[in-house]
Amino acid sequence: MIPFLDLKAINAQYRDELVEAATRVIDSGWYVQGTEVKAFEQEFAEYCGTKLCIGVANGLDALTLTLRAWKEMGKLKEGDEVIVPANTYIASILAITENRLIPVLVEPDMATYNICPINAEAAVTEKTRVILPVHLYGQLADMPAIMDIASRHNLLVLEDSAQAHGASINGIKAGNWGHASGFSFYPGKNLGALGDAGAITTSDDELAQTIRALGNYGSHKKYENLYQGVNSRLDEMQAAMLRVKLRHLDTETQRRREVAIAYAKGITNPTIKLPISPDSTLESLANHAFHLFVIQTKERDKLQKQLTEAGIQTLIHYPIPPHKQNAYKAWNSSEYPITESIHQKILSLPISPVMCNEQVKIIVNFFQ
C-alpha cells in the first residue's frame, strides 16, 4: 500500500535531530513557557515575515483566541458577522461560533477551492467585522483582493493558515497578509509537531499581548488575571520538535512541488480535473505549498475504491461541508451548490516529501 502520508518516514529523516532536541528539553528541567517556545516563536515569526508569534495548544485555539482577543480589545462584540468560506474544515467556523459571532458562509472560487473575493464582498453588511479566508490545500486565497475589500469596508482579516505553511503571493507568506493568522502544527500538516500544537502570527503588539494572556488563564502576570482566560500554550517539547522541522520545511515543500508536477504532467485521463496545469513548473508553483493534491471526478467513490484495490491510499478533504453537519443543524437546509459539488467530487492523492519516484510513477500509471 502506498500510504497517503507516511508520518513515521517523514520524522525518521530527522530522528537524530529530534532526539537531540527532546534530550535538550528533558535535561533543561523546564517544560512550559521556556526558552524553546521563545526561540520557536521568534524563528517562525521571522519565517513568516511577521513581527510576532504566539504559540498555543492547537490550530483551533489559534483562531478562537484571536477572535476572543479582538472582543476583549473592543474591536468585536457578540452578534458581529464574520465572512468565512462555505468550503472549509469545520474548525474555521467553530472558532467563530465559540465566540458567539455569526458566520456568514460564502461560496468558493471553483478553480482554487478558496474563498471567492466577489462573493465575499457581496456578503458584507453593516454587521460585518471580519473576513476569515482559509488557505485550503496549500494555496493562498486571493489575499490582495481580500485585503482591498477589508480596507474599503474597515474589516479585520484573520487568515486560517493551517494548510499553508510557507505558501506566498508576491513574496508575502501566509500569516503575513491579514491582521493576524492562525496556524496548526497537527502532525499531518506540512510543518507538523509530534502532537498537537498551534500558533498565531501578527504584527499587532496589543493583540499579541491579549492573546498571550488569554491563553495563560487570562493572566499577564503570575496570579494576576485580566480576563477569564483558558489554558492554551505551546509546550517546550513540541516547540523543540518544531524548531527542528522548520529548518527543513522549504526543502520538503520543494519535493511536494516536484510530486505535484509529476502528477500534472502524467495524469492525462480527461475525466480527471487537476488542480494545476500540466505546463506547471517549479518556478510557476513557487507560491504553492501543496499540503494536498486534490483532483475532481464525477465518479469519486468508484475511483477511490479502485485506487484502494490497487494499493493506493487516498482521502477526501472533506466529505461533508460544515452546513450539512449535525453540529449546525439550523443550516442543514441551506444550499451552497458550488461547495456541495466540490465535496461530492474531490479526492486527495498521496503527496509528501518522502514519496519516491517509483511510488509517484505507480500512481500516474494507474490513471493511464
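What you see below is based on every heavy atom in this structure, not just the backbone, and it leaves out hydrogens, waters and symmetry mates. The shown structure was predicted, so the numbers you read here are calculated from the model rather than taken from an experiment.
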Practice task
Verify the neighbour count for atom NZ of K305: are there more than 12 heavy atoms of other residues, nucleotides or ligands below 6.0 Å?
Solution key: no

Problem - N/O donor-acceptor pair under 3.5 Å between K324 side chain and S334 backbone - result: yes

Exercise for the section: Group every Ile, Leu, Val, Met, Phe, Trp and Tyr by side-chain heavy-atom contacts under 4.5 Å, then state whether L105 and I115 land in the same group. Expected result: no

Practice task
For N269 and T271, indicate whether the former's side chain and the latter's backbone hold a donor-acceptor pair under 3.5 Å.
Solution key: yes

Exercise for the section: Assign the ring pair Y318 / H343 to parallel, tilted or perpendicular, where the plane angle (0 to 90°) is split at 30° and 60°. Expected result: tilted

Practice task
Keeping the roles fixed (side chain from R257, backbone from A286), state whether a donor-acceptor pair exists under 3.5 Å.
Solution key: yes

Exercise for the section: Look at the side-chain heavy atoms of Ile, Leu, Val, Met, Phe, Trp and Tyr, link any pair under 4.5 Å apart, and say whether M147 and L132 land in one connected group. Expected result: no

Practice task
Determine whether the side chains of E46 and Q42 contain a donor N or O and an acceptor N or O closer than 3.5 Å.
Solution key: yes

Exercise for the section: State whether the side chain of E121 and the backbone N or O of P117 hold a donor-acceptor pair below 3.5 Å, judged by distance alone. Expected result: no

Handout entry: Test: E252 and R256 ion pair at under 4.0 Å
Key = no

Exercise for the section: Give me the other members of the hydrophobic cluster that Y14 sits in, counting Ile, Leu, Val, Met, Phe, Trp and Tyr linked by side-chain heavy atoms under 4.5 Å, directly or via other members. Expected result: L18, V25, I26, Y31, L194, M237, M241, V244

Exercise for the section: Spell out, yes or no, whether I146 and V84 are grouped together once hydrophobic residues are joined by side-chain heavy atoms under 4.5 Å, including indirect joins. Expected result: no

Handout entry: N-O pairing of D80 and K71 below 4.0 Å
Key = no

Problem - Q228, CD: over 12 other non-hydrogen atoms inside 6.0 angstrom - result: no

Practice task
May I ask you to decide if N87's main-chain N or O and H323's side chain share a donor-acceptor pair within less than 3.5 Å?
Solution key: no

Practice task
Please answer whether the main-chain N or O of T64 pairs with a side-chain N or O of E98 as donor and acceptor at a distance below 3.5 Å.
Solution key: no

Practice task
Using a cut-off of 6.0 Å, state whether more than 12 heavy atoms not belonging to L282 lie near its atom CG.
Solution key: yes

Practice task
Please check if the side chain of S203 supplies one atom and the backbone of K51 the other of a donor-acceptor pair under 3.5 Å.
Solution key: yes

Practice task
Hey, could you give me the OH/CG distance between Y186 and L60, rounded to the nearest 0.5 Å?
Solution key: 13.5 Å

Problem - Check: L234 and L242 side chains under 4.5 Å, non-hydrogen atoms - result: yes

Exercise for the section: Take L347 and I295 through the side-chain contact (heavy atoms from CB on, under 4.5 Å) test and state the conclusion after the steps. Expected result: CA-CA 5 Å; L347 187 65; I295 63 173; 4.1 Å; yes

Exercise for the section: Say whether L158 and I211 are linked into one hydrophobic cluster, either directly or through other cluster members, by side-chain heavy-atom distances under 4.5 angstrom. Expected result: yes

Practice task
Please determine, by modelled atom types, if H317 and Q163 share a side-chain donor-acceptor pair under 3.5 angstrom.
Solution key: no

Problem - Electrostatic pair E41-K38, nearest N-O below 4.0 angstrom - result: no

Exercise for the section: Please test Y263 against F290 for ring-ring contact (aromatic ring centres under 6.0 Å, His included), starting from the C-alpha separation and ending with a verdict. Expected result: CA-CA 12 Å; Y263 283 161; F290 285 102; 9.5 Å; no

Exercise for the section: Flag yes if L67 and V134 sit in one hydrophobic cluster, no otherwise; membership is Ile, Leu, Val, Met, Phe, Trp, Tyr, and two members link when side-chain heavy atoms are under 4.5 Å apart. Expected result: yes

Handout entry: Backbone N/O of H179 and side chain of T202: donor-acceptor pair under 3.5 Å
Key = yes

Problem - Y113 and Y137 aromatic ring geometry - parallel, tilted or perpendicular at 30°/60° bounds - result: perpendicular

Exercise for the section: Check whether more than 12 heavy atoms from other residues, nucleotides or ligands sit under 6.0 Å from atom CZ of R152, and answer yes or no. Expected result: yes

Problem - Q325 atom CD, over 12 foreign heavy atoms within 6.0 Å - result: yes

Handout entry: More than 12 heavy atoms from other groups under 6.0 Å of CG on N154
Key = no

Exercise for the section: For the pair E206 and K75, find out whether any cationic side-chain nitrogen is under 4.0 Å from an anionic carboxylate oxygen. Expected result: no

Name the atoms and distances for all side-chain donor-acceptor pairs under 3.5 Å in residues 361-368, with sequence neighbours left out.
unit_1, atom_1, unit_2, atom_2, d
N365, ND2, K361, O, 3.3
Q368, NE2, G266, O, 2.6
Q368, NE2, V364, O, 3.0

Practice task
Evaluate the criterion salt bridge (Lys or Arg N to Asp or Glu O under 4.0 Å) for residue pair R247 and E43; output intermediate values, then yes/no.
Solution key: CA-CA 10 Å; R247 295 196 290 267; E43 290 160 8; 5.9 Å; no

Exercise for the section: Check the pair Q209, H220 against side chain to side chain donor-acceptor pair (under 3.5 Å), reporting the backbone distance first and the verdict last. Expected result: CA-CA 8 Å; Q209 291 170 3; H220 69 301; over 6 Å; no

Handout entry: Side-chain (T308) to main-chain (Q304) donor-acceptor, under 3.5 angstrom
Key = yes

Problem - Check: K245 side chain, A193 main-chain N or O, donor-acceptor pair, under 3.5 Å - result: no

Handout entry: Any side-chain donor near an acceptor of the partner, N287 and S168, under 3.5 Å
Key = yes

Practice task
Check the surroundings of atom OH in Y89: do more than 12 heavy atoms from other residues, nucleotides or ligands lie under 6.0 Å from it?
Solution key: no

